[in-house]
Amino acid sequence: MALYAILATLFFYVRGCDCEWLICRRLVAIPTLFATLATAINSKRGGWLIPLALLASAAGDWAGAMGEFIFQIAFFAVAHIFYIADFAPKCRFTRHRTLTLVLFSAIVLPFLGYVMLHITNNVELIAVGIYGMIIYSMGFTALIQNRRHSILYAIAALLFIYSDSCIAYNKFVEHIPNANTWIMTTYYAAQGIFCALHLMRESRK
C-alpha cells in the first residue's frame with residue numbers, strides 16, 4: 001500500500017500538469033492498475049470482483065485523461081457494478097442502516113437531479129442519469145454491508161461518490177477552484193481503501 005500511495009501522489013501531480021511527456025496523462029491509470037494487480041494476487045482469499053472493479057476503473061482513468069467523457073463514465077459504471085456485486089451478498093437492513101440510507105438518499109438524489117438540470121447534451125444527460133443511479137446503488141450497498149471493516153467500505157464509497165460529484169458539478173454546473181485536488185485525492189483515497197480492504201480479507205466468504 002505504501003507503493004500505491006507513492007504512485008497516487010505522483011500521478012495526482014501529473015494529472016494536473018500540461019506536459020506531453022510519455023508518462024504524463026496517458027499513464028494516469030498506473031496507480032489503479034497497481035491496485036488491480038495487488039488485489040488480483042489476493043483473489044483466492046478476496047475474490048475477483050474488487051480486482052475487476054479496479055481494472056475497469058483504470059480504464060476509466062485512461063479514458064478521462066484522454067477527454068473521452070462518455071467512455072470514462074461507461075468504464076466507471078462497469079466498475080461500480082462489480083463493486084455492487086461484491087457488496088450486495090453482505091447487505092443487511094437494520095434500523096440504524098435504514099436511517100443512514102434515508103440521509104444518504106436525501107443528499108445524493110437531489111444533487112443528481114440538480115446536476116442533470118444543467119446538462120444540455122441529450123447523450124450526456126442520459127449517460128449521467130444512468131451512471132448516477134449506478135453509483136448511488138454502489139453507495140447504497142456499501143452502507144448496509146454486514147462485514148468486517150464495514151465502516152471503511154462506507155467511507156471509501158462516499159469518497160468515490162464525492163469525487164464523481166465534483167467532476168459532474170465542475171463540468172456541468174460551475175467551475176470548482178482546485179477541482180483536480182478535490183477530485184483526485186478523494187478518488188485515489190477511495191480506491192486505495194478498497195484495495196487495502198481486499199488485501200485484508202481472510203477468505204472468499
Side-chain angles (χ1 to χ4, degrees), residues 1-16 23 25-65 71-91 131 134-167 180-205:
M1 291 308 301
L3 181 54
Y4 172 83
I6 293 171
L7 289 170
T9 301
L10 172 63
F11 286 93
F12 162 74
Y13 287 107
V14 165
R15 187 181 179 91
I23 65 168
R25 294 180 183 271
R26 296 184 181 182
L27 297 184
V28 72
I30 281 182
T32 316
L33 284 173
F34 174 80
T36 301
L37 178 61
T39 52
I41 293 172
N42 189 57
S43 61
K44 288 186 178 180
R45 294 194 301 170
W48 279 101
L49 291 171
I50 297 298
L52 288 171
L54 289 166
L55 181 61
S57 295
D61 291 341
W62 183 86
F71 284 107
Q72 179 185 20
I73 61 176
F75 283 124
F76 278 120
V78 172
H80 292 309
I81 290 171
F82 283 126
Y83 281 128
I84 292 167
D86 185 85
F87 302 159
K90 297 292 185 179
C91 289
Y131 178 75
I134 291 174
I135 195 172
Y136 165 78
S137 300
M138 186 278 291
F140 185 101
T141 53
L143 287 170
I144 62 172
Q145 290 186 96
N146 182 28
R147 72 195 314 168
R148 292 183 62 197
H149 311 301
S150 58
I151 293 177
L152 292 178
Y153 281 98
I155 290 172
L158 293 176
L159 285 171
F160 210 141
I161 292 170
Y162 179 83
S163 176
D164 280 359
S165 297
C166 287
I167 292 175
N180 187 64
T181 300
W182 296 109
I183 292 166
M184 297 310 298
T185 54
T186 51
Y187 169 75
Y188 280 139
Q191 300 287 42
I193 293 171
F194 282 140
C195 177
L197 289 169
H198 187 276
L199 296 178
M200 288 189 290
R201 290 182 180 180
E202 297 177 355
S203 70
R204 296 184 64 178
K205 63 182 180 179

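The figures that follow rest on heavy atoms only: side chains count, while hydrogens, waters and symmetry mates do not.
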key: Test item: L33 and L55 side chains (from C-beta on) under 4.5 Å apart, heavy atoms   = yes

request  = Indicate the ring-plane relationship of F87 and F194, choosing parallel, tilted or perpendicular according to the 30° and 60° boundaries.
outcome  = tilted

key: Interatomic spacing from CD1 in I134 to NE2 in H80 - rounded to 0.5 Å   = 8.5 Å

request  = Measure the spacing between CE of M138 and CG of D164 and express it to the nearest 0.5 Å.
outcome  = 8.0 Å

ask   = Hey, is the main chain of A40 close enough, under 3.5 Å, to the side chain of S43 for a donor-acceptor pair?
value = yes

inquiry  = Please determine whether side-chain contact (heavy atoms from CB on, under 4.5 Å) holds for the pair H198 and L54, giving the CA-CA distance in whole Å, both sets of side-chain angles, and the decisive distance to 0.1 Å.
reply    = CA-CA 11 Å; H198 187 276; L54 289 166; over 6 Å; no

note = F82 and L49 have their tightest heavy-atom pair at CB-O, 3.6 Å

query = Can you name the closest pair of heavy atoms from S137 and I84 and give their distance?
reply = CB-CD1, 3.7 Å

query = Rounded to the nearest 0.5 Å, what separation is found between the CD1 atom of I151 and the CG atom of L143?
reply = 11.0 Å

task = Find the distance between CG (N42) and CH2 (W48) and round it off to the nearest 0.5 Å.
result = 10.5 Å

message = Which heavy atom of Q72 sits nearest to which heavy atom of G60, and what is that distance?
response = CG-O, 3.5 Å

request  = Enter the distance from L152:CG to M200:CE here, rounded to the nearest 0.5 Å.
outcome  = 6.0 Å

request  = Taking all heavy atoms of A79 and all of A53, pick out the closest pair and write down the distance.
outcome  = CB-O, 3.3 Å

Non-hydrogen side-chain atoms of D61 and Q191 separated by less than 4.5 Å = no

query = Hey, do the aromatic rings of Y83 and Y153 have their centres closer than 6.0 Å?
reply = no

request  = Grab the two heavy atoms, one from L199 and one from A38, that are nearest each other, plus how far apart they are.
outcome  = CD2-O, 3.4 Å

ask   = CZ of F71: more than 12 outside heavy atoms within 6.0 angstrom?
value = no

remark   = On a heavy-atom basis, the closest approach of A58 and T32 is N-CG2, 3.8 Å

query = Does any N or O in the side chain of S165 come within less than 3.5 Å of the main-chain N or O of I161, such that one atom is a donor and the other an acceptor?
reply = yes

ask   = Within the distance-only criterion (no hydrogens, no angle test), does the side chain of T186 pair as donor or acceptor with the backbone N or O of W182 below 3.5 angstrom?
value = yes

key: Distance (rounded to the nearest 0.5 Å) between C195 SG and I50 CD1   = 9.5 Å

inquiry  = Evaluate F75 against S57 for side-chain contact (heavy atoms from CB on, under 4.5 Å), listing each step before the verdict.
reply    = CA-CA 6 Å; F75 283 124; S57 295; over 6 Å; no

